[in-house]
Protein chains: 2
Amino acid sequence: MRLSRYFLPILKETPKEAEIVSHRLMLRAGMLRQEAAGIYAWLPLGHRVLKKIEQIVREEQNRAGAIELLMPTLQLADLWRESGRYDAYGPEMLRIADRHKRELLYGPTNEEMITEIFRAYVKSYKSLPLNLYHIQWKFRDEQRPRFGVMRGREFLMKDAYSFDIDEAAARRAYNRMFVAYLRTFARMGLKAIPMRAETGPIGGDLSHEFIVLAETGESAVYCDSEVLNLPVPGEDVDYDGDLTPIIKQWTSVYAATEDVHEAERFDREVPAERKLHTRGIEVGQIFYFGTKYSEAMKALVAGPDGVEVPIHGGSYGVGVSRLLGAIIEACHDENGIKWPEAVAPFRAAILNLKQGAAETDAACEQLYRELIAKGVDVLYDDTDQRAGAKFATADLIGIPWQILVGPKGLADGTVELKRRADGSRENVALAEAVARLTQ
Amino acid sequence: MRLSRYFLPILKETPKEAEIVSHRLMLRAGMLRQEAAGIYAWLPLGHRVLKKIEQIVREEQNRAGAIELLMPTLQLADLWRESGRYDAYGPEMLRIADRHKRELLYGPTNEEMITEIFRAYVKSYKSLPLNLYHIQWKFRDEQRPRFGVMRGREFLMKDAYSFDIDEAAARRAYNRMFVAYLRTFARMGLKAIPMRAETGPIGGDLSHEFIVLAETGESAVYCDSEVLNLPVPGEDVDYDGDLTPIIKQWTSVYAATEDVHEAERFDREVPAERKLHTRGIEVGQIFYFGTKYSEAMKALVAGPDGVEVPIHGGSYGVGVSRLLGAIIEACHDENGIKWPEAVAPFRAAILNLKQGAAETDAACEQLYRELIAKGVDVLYDDTDQRAGAKFATADLIGIPWQILVGPKGLADGTVELKRRADGSRENVALAEAVARLTQ
């Protein structure tokens with residue numbers, strides 16, 4: 001992409017309304033624009049990151065055997081009356097009447113609808129296990145939306161729903177999602193720690209939140225620092241095999257949010273030098289809720305003995321849009337965002353330090369063409385800005401690799417390759433720069 | 001994907017509520033489930049096709065220089081008061097009040113919001129031309145939703161918006177989208193004919209609808225059959241060059257919907273043997289509306305002389321979810337859907353005609369592994385169904401290539417390769433079947 005043809009509205013001023021660094025940086029970097037309280041337009045740069053995060057979530061759901069579908073944003077109120085949650089949900093549910101005065105709502109979650117779909121088609125244990133997920137916009141009418149995408153009203157969530165014949169099978173489904181979440185967040189460059197959690201309005205008695213440590217997080221968390229060193233399962237993990245050793249390893253180390261924190265156990269189990277008390281951002285939560293919805297909504301299947309039983313269910317959420325904020329909270333410095341490569345809007349930026357000079361223009365065009373041809377997502381800053389402004393923009397928007405092309409280096413046949421993560425720079429030949437980025 | 005692990009709820013009965021063939025087939029093939037009038041869940045098979053169509057639309061928008069972003073589904077009513085459309089829009093607009101009684105609406109289109117985004121950031125002609133698009137769910141509260149995804153209420157649309165300094169530049173932007181649309185629909189295997197159209201509530205004085213011919217279409221259309229033979233621009237078309245010869249070629253042949261049909265001109269210009277009077281399905285519409293929104297909403301840029309002028313705009317829609325219906329209307333037979341390869345949910349299906357027999361199982365597993373390894377989207381019917389039922393399912397869901405693996409053929413080392421488009425079958429060696437599908 002040539003920056004001169006792109007739409008990247010960088011802000012010079014720090015917007016006053018933004019209280020936390022991720023919100024400030026998303027606004028300054030031209031990623032996001034507020035259209036109403038807690039409702040945002042994703043500008044091109046923000047949209048690119050959103051899509052990359054979404055794709056990682058999708059790939060890991062698929063790898064774990066979940067099947068993608070897509071439910072609509074609007075739902076019938078009557079469906080929620082079946083589960084009893086329509087009246088229970090309170091003012092965070094956006095209730096809507098259509099032209100015929102039929103009651104609809106903007107879905108905040110989809111347990112009811114997926115149960116309705118399941119019961120319409122699945123009649124036998126032979127069709128199980130089944131895990132269906134979608135990645136769809138949801139709405140939660142927060143009393144006071146704030147912190148940008150961290151507590152928005154219209155937000156993008158991945159939610160998966162598992163259906164199993166009994167509790168033992170349902171716990172295996174839960175474990176598959178547990179492992180998929182470890183992989184998902186690690187691929188995004190995050191250390192997300194599973195912590196025992198309360199179940200809230202979803203219900204059930206087993207739940208883990210996946211928490212990214214950050215001083216600006218919404219919850220206080222307590223953990224054994226050993227949890228930061230645990231190995232994340234590789235992509236060859238066998239989802240048909242026994243995952244309990246992985247789950248045991250991750251859940252035997254102390255990690256809890258303040259809601260379920262046990263001070264006495266923390267003191268007893270965790271050596272003083274490994275006690276970590278900080279704050280965290282929830283980026284995902286998984287639930288096993290048994291027959292809560294299947295009993296209320298009559299989602300029954302015939303077992304091997306022909307007797308109909310309610311299925312055992314779980315649900316598994318990832319805050320896709322919220323993850324942008326969480327990643328920025330974890331990955332930034334005073335100059336801007338430091339995107340992990342897997343979610344960066346562009347992998348590399350070419351900075352033409354003397355736009356309009358024949359030699360730098362030619363070298364940049366050559367680099368740009370070669371990188372595009374090799375499938376590298378590259379942004380070419382071909383604007384008339386000064387070199388200093390180009391450095392500042394590339395750092396602000398957090399491009400992992402920057403190729404600085406100036407007349408001095410070119411006289412020696414080199415460009416400067418800068419790594420945003422640590423600021424390191426190196427002079428390399430043009431061909432070497434291309435080779436490094438296509439390794 | 002192994003069918004035994006997939007979620008493909010085929011219906012044996014033809015649902016009574018479905019009035020047209022595409023709706024019937026989408027329900028029978030387990031692609032779609034109605035959740036409320038005109039509001040659908042996209043089951044896994046339908047979701048796959050939706051994503052493939054979306055991706056073709058995206059690639060052709062990008063090729064034509066449009067830039068993707070994503071606007072939210074909900075919008076502020078006040079934004080629509082600025083353009084005057086809030087009161088004008090009527091009962092098809094879904095109006096919503098949030099917990100603080102603020103007036104929102106579920107966006108039926110985005111001219112106002114994109115103009116608000118544009119005016120917030122763009123101040124100079126130097127940032128033009130600019131074309132911003134998104135692919136987002138919209139809502140239109142139809143009085144009587146029907147025909148499945150053809151006239152749904154919650155629907156997926158691609159809408160692009162161009163911003164230019166004057167009418168001449170805006171017409172070039174219009175031409176780029178015109179050409180992009182020719183390519184987009186052709187890639188999906190459709191003959192979509194651009195026809196002069198009325199502008200309706202979007203406004204302006206220049207518009208074309210892109211119409212797929214089908215007896216079940218919503219509009220009567222009149223055209224010169226020569227239009228079916230015009231060449232579609234290749235992927236090397238130069239969007240920076242002069243596109244007017246292409247536009248002239250396509251617009252000089254008579255083609256009009258009933259709304260703007262000129263019977264006298266049709267009689268005069270079109271030879272009797274080339275007169276085509278049939279019905280059509282609108283799959284896209286493009287508009288040039290000049291300064292309608294920029295004047296009302298003060299979207300001004302400074303021109304080369306420093307004087308501020310309202311920008312000239314256009315908008316460009318593709319009915320992404322509606323396209324599934326349109327493609328099925330155009331591509332089906334009495335046995336089911338015949339997906340064009342570019343949008344098929346799976347490119348190939350492996351039908352194990354004797355599930356549980358060591359030889360057929362081994363051959364199918366081998367084919368499945370090899371095709372997956374080579375990146376072919378393949379569905380392996382490994383269920384216990386009879387061969388006849390497997391044939392019927394594969395035809396119903398419209399998989400372009402079917403590999404029939406039975407004991408007789410395997411005795412000779414062959415499988416049968418069936419092409420859904422014309423029903424042709426051929427005995428080939430296993431390796432040859434793989435080679436054919438990975439050419």
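Chain naming here is simple, since letters A, B, ... match the order of the sequence lines and numbering starts at 1 in each.
Proximity to chain B at a heavy-atom threshold of 4.5 Å picks out A:Gln136, A:Trp137, A:Phe139, A:Asp141, A:Glu142, A:Gln143 from residues 134-144 of chain A, in numerical order. The stretch residues 155-162 of chain B places none of its residues near chain A, where near means some heavy atom under 4.5 Å from a heavy atom of that chain.
Ring orientation note: the planes of A:Phe7 and B:Tyr121 are nearly perpendicular, at an angle over 60° on the 30°/60° scale.
With a 4.5 angstrom heavy-atom cutoff, A:Leu43 touches chain B via backbone and side-chain atoms both. The contact between A:Lys51 and chain B is made entirely by side chain atoms (from C-beta outward), counting heavy-atom distances below 4.5 Å. With a 4.5 Å cut-off on non-hydrogen atoms, A:Leu32 touches chain B through its backbone but not through its side chain. Neither the backbone nor the side chain of A:Leu128 comes within contact range of chain B; no heavy atoms are under 4.5 Å apart. Proximity to chain B (any heavy atom under 4.5 Å) is restricted, for A:Arg153, to the side chain, taken from C-beta onward. Only the side chain of B:Ile96 comes within less than 4.5 Å of a heavy atom of chain A; its backbone N, CA, C and O stay farther away. Residue contact with chain B, scored on non-hydrogen atoms closer than 4.5 Å, involves the side chain of A:Leu132 exclusively. Heavy atoms closer than 4.5 Å to chain A are found in the side chain of B:Leu50, but not in its backbone. Proximity to chain A (any heavy atom under 4.5 Å) is restricted, for B:Ala97, to the backbone atoms N, CA, C and O. The part of B:Leu94 that comes within reach of chain A is its side chain, from C-beta onward, which places non-hydrogen atoms under 4.5 angstrom from that chain.
A salt bridge between B:Arg95 and A:Asp98 is absent, with no side-chain N of the basic residue lying under 4.0 Å from a carboxylate O of the acidic one.
Taking each heavy atom of A:Glu35 and B:Leu79 in turn, the nearest pair found is OE1-CD2, 4.4 Å. Nearest heavy atoms, B:Pro72 versus A:Ala41: CD-CA, 3.8 Å.
Heavy-atom pairs under 4.5 Å with chain A peak, among B:Ala36, B:Pro91, B:Pro129, at B:Pro91. Note: B:Arg99 leads B:Gln75, B:Arg99, B:Arg102, B:Met113 in heavy-atom pairs under 4.5 Å with chain A.
When atom types are taken as modelled, the side chain of A:Glu154 and the backbone of B:Leu74 share a donor-acceptor pair closer than 3.5 angstrom.
Remark: A:Ile67 CD1 to B:Met1 CE distance equals 5.5 Å, nearest 0.5 Å. For the atom pair NE2 of A:His47 and CG of B:Leu70, the computed distance is 5.0 Å after rounding to the nearest 0.5 Å.
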B:Arg33 and A:Glu116: CA distance, side-chain angles, deciding distance, salt bridge (charged side-chain N to carboxylate O under 4.0 Å, His left out) verdict: CA-CA 10 Å; B:Arg33 178 169 181 79; A:Glu116 190 280 329; 2.6 Å; yes

